[in-house]
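One structure is given below, encoded as C-alpha cells.
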Amino acid sequence: MRALPVRVDAVLIQAVIAAALSFAHLHDLAVAAGQDGWKAWAYPVSVDLLMVAAWKRLRSGESRAAGWSWFLVAIAASLGANVATAGLLDLDNVPAWLRISVAGWPAVAFLGGTLLAHGATDRTEAVAGPDPLPHVEPESPALPAAPEVPRTAAQPPAALVDHARKVAAEHRTRTGSPIDTATLRARLGVPLPLAEAIAAQLT
C-alpha cells in the first residue's frame with residue numbers, strides 16, 4: 001500500500017476547524033450588528049489578517065510589545081464574537097455599544113495592520129568608519145620621514161564590534177544558525193572588508 005504523499009497533521013486539522021468556526025462566528029456577529037453582504041465576510045478576514053500580521057512581528061523578534069498588543073486585540077475580537085454568538089446575547093436585538101464596536105473595527109484593524117506591516121523592523125544604526133591613519137612628520141629636517149605603512153584591513157571600532165555581537169546574537173536566536181558575513185554586512189551597512197574584519201572577531 002502506497003504511503004500518502006502528504007502527512008496528515010492532527011494539529012493542523014484542529015487549527016483549520018477552529019479557524020473556520022471563529023470565522024463563522026465573526027460573520028454572524030457582523031450580520032447581527034447590521035453589516036450585511038460582502039461587509040459581513042470582510043470582518044472575519046480583517047481579524048484573521050491582523051492576527052497573522054501580529055504573529056509575524058512576534059516571530060521576527062522586532063518590536064515584540066507592538067506585536068503582543070495587536071495580537072491580543074485580534075484575539076479579543078475573535079473570542080468576543082465566539083462568546084457573543086454562544087447565546088449570551090440576543091442577536092435579534094444587538095445593543096448599541098456592540099453595533100458601535102463592530103462599525104469601528106475597520107479603523108482599528110487598518111491602524112494595527114499598517115503599524116505592523118510598515119513599522120521599523122530593521123533599523124541600521126549609523127556607525128562612523130575607522131579613524132584615518134595619522135600623518136607622520138619627520139623629527140628632523142636632516143632625516144627623511146619614515147614611509148607610512150598602509151593599512152591592509154580595516155580595524156573595526158570597539159563600539160561597532162559590540163553592536164555586531166548583538167546583531168549576531170539576535171540572528172542566532174531567530175534562525176538557530178550563526179550569522180554569515182554577507183548578512184552581517186547587510187545588517188550593519190558597512191563595506192565588505194570591514195564586515196570580514198568584524199566577522200573574524202565574532203568567532
### Query
With a 4.5 Å limit on heavy-atom distance, are the side chains of L58 and W70 in contact?
no
### Task
Step by step, work out the side-chain contact (heavy atoms from CB on, under 4.5 Å) result for L184 and V190.
CA-CA 9 Å; L184 182 65; V190 297; over 6 Å; no
### Audit row: V167, H171, side-chain contact (heavy atoms from CB on, under 4.5 Å) steps and yes/no
CA-CA 6 Å; V167 172; H171 180 84; 5.5 Å; no
### Task
Measure the spacing between CG of L50 and CG of L111 and express it to the nearest 0.5 Å.
9.5 Å
### Task
Ignoring hydrogens and angles, tell me if any N or O in the side chain of S78 forms a donor-acceptor pair with the backbone of A74 under 3.5 Å.
no
### Task
Give a yes or no on whether I75 and W68 share a hydrophobic cluster (residues Ile, Leu, Val, Met, Phe, Trp, Tyr; joining criterion: side-chain heavy atoms under 4.5 Å apart).
yes
### Query
What pairs with S177 under side-chain hydrogen bond (donor to acceptor under 3.5 Å, both in side chains), at least two apart in sequence or on another chain?
T175
### Distance-minimising heavy-atom pair for A81 and L26
CB-CD2, 3.3 Å
### Query
Which heavy-atom pair separates A33 from R99 by the least distance, and what is that distance?
O-NH1, 3.4 Å
### Task
Under the side-chain hydrogen bond (donor to acceptor under 3.5 Å, both in side chains) rule, collect the residues that match up with D180, sequence neighbours excluded.
T183
#### Entry: Listed partners of A32 passing side chain to side chain contact (heavy atoms under 4.5 Å, CB included), at least two apart
L91, V94
### Message
Can you tell me how far apart CZ (R165) and CD (Q201) are? Round to the nearest 0.5 Å.
### Response
7.0 Å
### Summary
Nearest heavy-atom approach of A109 to S46 is CB-CB, 4.2 Å
### Task
Under the ring-ring contact (aromatic ring centres under 6.0 Å, His included) rule, collect the residues that match up with H27, sequence neighbours excluded.
W41
### Query
Which residues pass the side chain to side chain contact (heavy atoms under 4.5 Å, CB included) test with S69, sequence neighbours left out?
none
#### Entry: Side chain to side chain, L29 and Y43, heavy atoms closer than 4.5 Å
no
### Side chain proximity check, L160 to L194, heavy atoms < 4.5 angstrom
yes
#### Entry: From D162 atom CG to K166 atom NZ, the distance as rounded to the nearest 0.5 Å
7.0 Å
### Task
To the nearest 0.5 angstrom, please state how far the CZ atom of R185 sits from the CD1 atom of I198.
11.5 Å
### Task
Indicate the atoms forming the closest heavy-atom contact of L115 with R57, along with that distance.
O-NH2, 3.6 Å
### Task
Could you pull out all residues at least two apart from W38 that satisfy side chain to side chain contact (heavy atoms under 4.5 Å, CB included)?
A42
